[in-house]
Protein chains: 2
Amino acid sequence: MSTRERLVESARDLLWERGYVGTSPKAILERAGAGQGSMYHHFTGKSDLALAAITRTAEEMRAAAAAVLHGPGTPYARVTAYLRRERDVLRGCPVGRLTMDPEVIASEELRAPVDETLDWLRAELAALVEEGKEQGEFASSLDAEEVAAAIVATVQGGYVLARASGSPAAFDTGVRGLLSLLRPADRGDT
Amino acid sequence: MSTRERLVESARDLLWERGYVGTSPKAILERAGAGQGSMYHHFTGKSDLALAAITRTAEEMRAAAAAVLHGPGTPYARVTAYLRRERDVLRGCPVGRLTMDPEVIASEELRAPVDETLDWLRAELAALVEEGKEQGEFASSLDAEEVAAAIVATVQGGYVLARASGSPAAFDTGVRGLLSLLRPADRGDT
DNA sequence: GTCTATAGGACGATAGAC
DNA sequence: GTCTATCGTCCTATAGAC
């Protein structure tokens, strides 16, 4: 792996773990096994490297979500698969956690990939819910955009509950609650 | 207000805005208009002051939530009132945001008030949902604990969506989605 | 109880050798 | 392209005067 590549990957790890404010260039360089010169050769500074890292993380997250959302099954089954897919729950969402970072939010450039990713996810889920409504799987009274926002919020908030309690169980409990509310009336399974 | 008091209030503001990692003693002192000696006289250090600040924030949050949750109305009405109560949405949740802070999560002492507050909120909502089930307002098939977790998660995740998009609207959209899923079948209003 | 002075190290960035 | 040296500032904490 090239030095540039190692820098981006190290920044991704640290951004996930400690956020932008909590991540120093020095820590990134140590993890990447590179000197300061390498970083300032490939990037203009901390924020430029962070942008590359965040952009890649956002891309990977979209790809992973798309794999499940565009998978097989009814809309409800695909929403379920998305909510239940394996997650490093206690590490939190590598994209969503950045919204709590004051310097990410203050920067149009750094916030953009975060916003776009969550917005894309919401739109994908909204399309899926809409499809479910057409097939009669979801109540026609539901607003697909609203329900999609609630789904994304439950996932993001699930990470908060899990990290607060120190256990992934809280995430799963919330997801089960949401799924029970979403469950088509004519189904009795779990 | 005493110097000690001003220190705690300044720390609360900055912890909310920038988190633990992003808040320096110097910034707290400047905001409080105090010298370093004052802080180290009243507290053993940054984490001790942060603990006092977090504890107070947690207490205030519980009191504010209790006022709505123990208010008048049916269980569904009270859940609605809780979800729709006025919030500084773009500032995020002063308690929940701390879960994204690596040093808060790493410290049993700092994490405890965060965990207890969210857990208390979940239990309060669970009791309310249970009450609603008994009154026939919520489906008896629902698990109160699970639904309560989904409600808390939606709120916490709503802050994430709002901050990502830079607009409080995303929070409200998610809340409307959750409320539509929770809404008793025999009701048709909004 | 509050102040200023100071410590020793980390912060983010730049310079210049190789 | 990568390195080390250095800059000026900020970090958290301690010392000691008042």
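Values below: all heavy atoms of this structure, side chains included; hydrogens, waters and symmetry mates excluded. So you know, we letter chains A, B, ... as the sequences are listed, proteins then strands, and number each from 1.
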- Which atom pair, heavy atoms only, marks the closest approach of A/Met61 to A/Val95? SD-CG2, 3.3 Å
- Note: A/Arg78-A/Glu131 ion pair, threshold 4.0 Å (strictly below): yes
- When we call it a touch if two heavy atoms are under 4.0 Å apart, what does B/Thr23 touch: a base, just sugar-phosphate, or nothing? sugar-phosphate
- Audit row: A/Asp101, A/Ile105, side chain to side chain contact (heavy atoms under 4.5 Å, CB included) steps and yes/no: CA-CA 6 Å; A/Asp101 211 300; A/Ile105 294 305; 5.9 Å; no
- Query: In chain order, what residues pass the ring pair (Phe, Tyr, Trp, His ring centres under 6.0 Å) check against A/Tyr20, with sequence neighbours excluded?
  - Reply: none
- Message: Any side-chain to backbone donor/acceptor pair from A/Arg87 onto A/Leu83? Under 3.5 Å, distance only.
- Response: yes
- Counted 5' to 3', the first and last nucleotides of DNA chain C within 4.0 Å (strictly under) of a heavy-atom of chain A are C/dA10 to C/dT14
- Output yes when a side-chain donor or acceptor of A/Thr173 lies under 3.5 Å from a complementary backbone atom of B/Ala149, and no otherwise. no
- Is it true that A/Glu9 and A/Arg6 make a salt bridge, defined as a side-chain N closer than 4.0 Å to a carboxylate O? no
- Item | Close approaches to DNA chain D from residues 27-35 of chain A, in residue order (heavy atom, under 4.0 Å) | A/Ala34, A/Gly35
- Query: What do the steps show when you test B/Met100 against A/Val160 for side chain to side chain contact (heavy atoms under 4.5 Å, CB included), and what is the final call?
  - Reply: CA-CA 7 Å; B/Met100 293 304 142; A/Val160 171; 3.9 Å; yes
- Is there a donor-acceptor contact under 3.5 Å from the side chain of B/Thr99 to the main chain of B/Gly96? yes
- Message: Between A/Thr3 and A/His41, is there a side-chain heavy-atom distance shorter than 4.5 Å?
- Response: no
- Pair A/Arg18 + B/Glu103: basic N to acidic O under 4.0 Å: yes
- Item | A/Arg176/B/Asp143 salt bridge by N-O under 4.0 Å criterion | no
- Close side-chain approach of B/Pro102 to B/Val21, heavy-atom, < 4.5 Å: yes
- Item | Contacting residues from residues 4-18 of chain B, given that a heavy atom lies under 4.0 angstrom of DNA chain D | none
- Query: side chain to side chain contact (heavy atoms under 4.5 Å, CB included) between B/Leu182 and B/Val79: does it pass, once the steps are laid out?
  - Reply: CA-CA 9 Å; B/Leu182 278 169; B/Val79 169; 4.1 Å; yes
- So, with a heavy-atom separation below 4.0 Å from DNA chain C, the residues of residues 40-53 of chain B are B/His41, B/His42
- Item | Whether A/Phe171 and A/Tyr159 hold their rings parallel, tilted or perpendicular, with breakpoints at 30° and 60° | tilted
- Item | Closest-nucleotide 5' rank along DNA chain C - winner of A/Gly37 and A/Tyr20 | A/Tyr20
Polar atom pairs between nucleotides 5-10 of chain D and protein, under 3.5 Å, N or O only, would you list them?
| from | atom 1 | to | atom 2 | distance (Å) |
| --- | --- | --- | --- | --- |
| D/dA5 | N6 | A/Gln36 | OE1 | 3.2 |

